[in-house]
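Letters go in sequence order (proteins before strands), and every chain restarts at 1.
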Amino acid sequence: MRARLINRDDIVKLVRILMREYEVVAPFCSRGSDTVFDVVTEENIDKIQLHVRNPIYPPKRFVLPHVEQMFEFQMSEVGVSAIPTYNEKPRALFGIRSCDIAGIKHLDNFFLGREFVDPYYLRQRRNLFLVNVVCTEIGTDVGEYCFCLCADTGPAARDGFDLQLMDLGDVWMVVAGTERGSRYLDLEFMARGDDSHIKLRREILSRVRHQFFDKQTSWFSAAMRLITRLEVSESTWEKIGRRCLECGGCSFVCPTCSCFTVDDRRVSAGKAIRMRLWDSCALGGFTRMAGGFNPRKAVHDRRNRRFFHKLAYQFVLRDGSIGCVGCGRCAVVCHGAIGMPSVVEIIRRQELGSQD
Amino acid sequence: MDWNIYTPRPAIIDRVVDEIPGVKTFYWHFEDPQEEERFRKFLPGQFAQISIYGIGEFPASLPPSPTERELFFTIRKVGTCTAALHELGPGDRFGVRGPYGNGFRMDEYAGRNLVFVAGGIGLIPLRSCIVYALHKRDQYKKIQVFYGARTPKDLIFLNDLVGWQQSGLLECYVTVDRATEGWKGNVGLVTSLFRLPGVEVAVEHSTAFVCGPPVMFRFAIRDLLAMGYHERHIVSTLERYMKCGVGKCGHCCIGVAYVCTDGPVFTYEQIKELGEDI
């Protein structure tokens with residue numbers, strides 16, 4: 001992989017050059033302590049945040065929108081036309097974290113690498129330019145709920161990005177991950193580095209890894225083994241299920257969750273649209289069939305489903321990666337404190353036999 | 001038209017036939033003859049996604065055999081989309097996507113006895129296999145159908161079954177959970193048919209097809225295994241809520257499998273390994 005150096009003050013020049021070809025989306029501060037990805041304009045370009053809490057609304061929405069129109073149906077006497085509505089606007093996601101890069105990779109495998117290729121996902125994905133920013137600042141980039149080390153997705157993504165920026169202190173390193181990212185390394189404000197910068201990168205990454213808060217861990221191995229072998233007891237799932245409020249928040253903030261429902265709406269006498277929107281297996285009606293039969297009626301069965309899908313080895317084989325990237329968002333939003341790390345810990349303790 | 005994997009293909013209803021109360025059969029064809037030709041290569045056990053434009057889309061089994069002349073769906077009115085379909089008549093348009101799913105491997109069962117165990121409208125997907133086998137009768141040995149429904153008026157395709165039995169093409173045993181006036185046939189669960197005097201359920205070199213409500217499924221499997229069936233030779237078609245039919249929306253998963261792409265046909269051996277109760 002090719003790499004260059006860039007001065008902190010020149011990063012905004014890189015953003016402006018990206019703005020010529022893409023709609024650039026970058027992290028900004030929002031109300032209170034919230035952060036959000038928003039479109040970069042000349043008015044807000046100086047407010048882009050490079051070291052900031054990872055926005056809670058996950059960047060998967062740039063390849064799998066929360067609400068997405070699939071078709072317009074035009075109905076007349078002579079027939080029905082089904083016109084697909086594609087979103088093909090070129091977009092650059094500036095400041096996506098390494099955990100979220102792993103999430104996009106997981107979704108790529110799912111939507112593009114199976115029996116059928118999803119045409120809506122494909123068009124958005126190939127028009128998406130990813131600029132990863134490595135997490136180097138504990139307390140801002142790395143929050144108290146982060147556990148990317150346990151999921152082996154961070155703090156620096158190894159691939160899956162077009163460009164990667166890393167703060168080395170006096171200067172930033174820019175790494176190209178793809179052909180199209182590589183072109184930007186030849187810009188006049190990119191300088192060559194040397195071995196000392198590579199050494200510095202390694203030192204910083206080592207320091208960051210060692211500084212991860214030890215209270216948020218998710219030792220996946222034992223939990224994956226028990227889940228895969230169907231050895232998690234019913235009472236353990238019930239214990240987890242009792243804490244679930246069935247809000248669906250975990251699914252909506254998760255970078256690897258991809259389930260959606262499809263809905264038709266009549267617009268006028270001769271026109272209807274078909275949309276898809278994010279859905280969650282946490283919700284009671286997720287598997288309910290017309291006629292009333294619901295194979296996953298009990299809350300704890302739905303919790304079982306979530307973690308089976310994310311951690312069972314059969315799915316890891318099938319999807320190419322574990323269904324958790326360690327971003328910690330589920331732990332942040334869960335009212336019942338049963339985000340991934342909590343559930344993994346409850347399952348581990350089942351095996352260890354301790355009461356809690 | 002730019003068609004993608006989610007595009008409903010235009011179809012037109014030819015005629016509608018009332019079956020049992022709440023169930024209608026819709027004979028239809030694709031607007032595009034090329035689409036029809038492609039679709040007709042479907043396998044027994046596959047399904048299609050039916051679109052009622054502006055209302056919604058839902059999965060439906062394909063009851064015709066690919067060897068039959070006409071395409072049709074047999075649908076019970078049970079929710080929003082099926083209710084909308086029940087309002088349609090000859091000449092009305094709707095959308096079809098498919099065929100999806102893995103289908104039954106009817107040609108691999110050549111030389112075997114076929115035992116069909118169906119409950120209620122579970123006979124609908126199995127009808128495709130039965131007719132396929134009848135159209136290639138020499139390829140199979142004994143064909144036995146064990147069919148039960150709640151009451152006599154819930155027995156679907158009954159005339160077809162009686163006709164095939166009278167022609168000596170298959171053995172057919174029918175029962176109802178609850179008799180009504182005029183019913184002179186068997187009364188009891190479908191599994192009680194196995195124990196009727198004179199009935200010899202084929203077990204050796206046989207494949208059993210089971211389709212019906214979950215509770216019936218459990219008892220039928222239990223009895224078939226007790227008779228000596230191997231789990232590999234019991235096959236079923238499973239159902240789940242589906243929104244896409246192409247393995248993306250996630251609604252139809254059972255454990256490790258997506259019913260729409262890995263199924264809907266599974267052997268009992270596979271069902272046991274799915275990682276979730278059906």
Can you classify the ring geometry of [X] versus [Y] as parallel (below 30°), tilted (30 to 60°) or perpendicular (above 60°)?
X: B/His251; Y: B/Tyr241; value: perpendicular
X: A/Tyr86; Y: A/Tyr120; value: tilted
X: B/Trp28; Y: B/Phe94; value: perpendicular

Legend entry - B/Phe30/B/Phe39 aromatic ring centres below 6.0 Å: yes
Legend entry - Between B/Phe209 and B/Phe104, ring centroids under 6.0 Å: yes
Which atoms of [X] come close to chain B, meaning under 4.5 Å heavy atom to heavy atom: side chain ones, backbone ones, both, or neither?
X: A/Phe308; result: side chain
X: A/Phe73; result: side chain
X: A/Arg318; result: side chain
X: A/Asp263; result: neither
X: A/Phe260; result: both

Chain B: which of [options] shares the most heavy-atom pairs with it under 4.5 Å?
options: A/Thr261, A/Asp301, A/Val117; value: A/Thr261
options: A/Phe111, A/Tyr121, A/Phe293, A/Phe71; value: A/Phe71
options: A/Arg265, A/Arg296, A/Lys271; value: A/Arg296

Inset, instruction - Heavy-atom distances under 4.5 Å only: say whether B/Ala83 touches chain A with side chain, backbone, both or neither. - result: neither
Legend entry - Salt bridge present between B/Glu57 and A/Arg274 (N-O < 4.0 angstrom): yes
Legend entry - Pair B/Glu35 + B/Arg97: basic N to acidic O under 4.0 Å: no
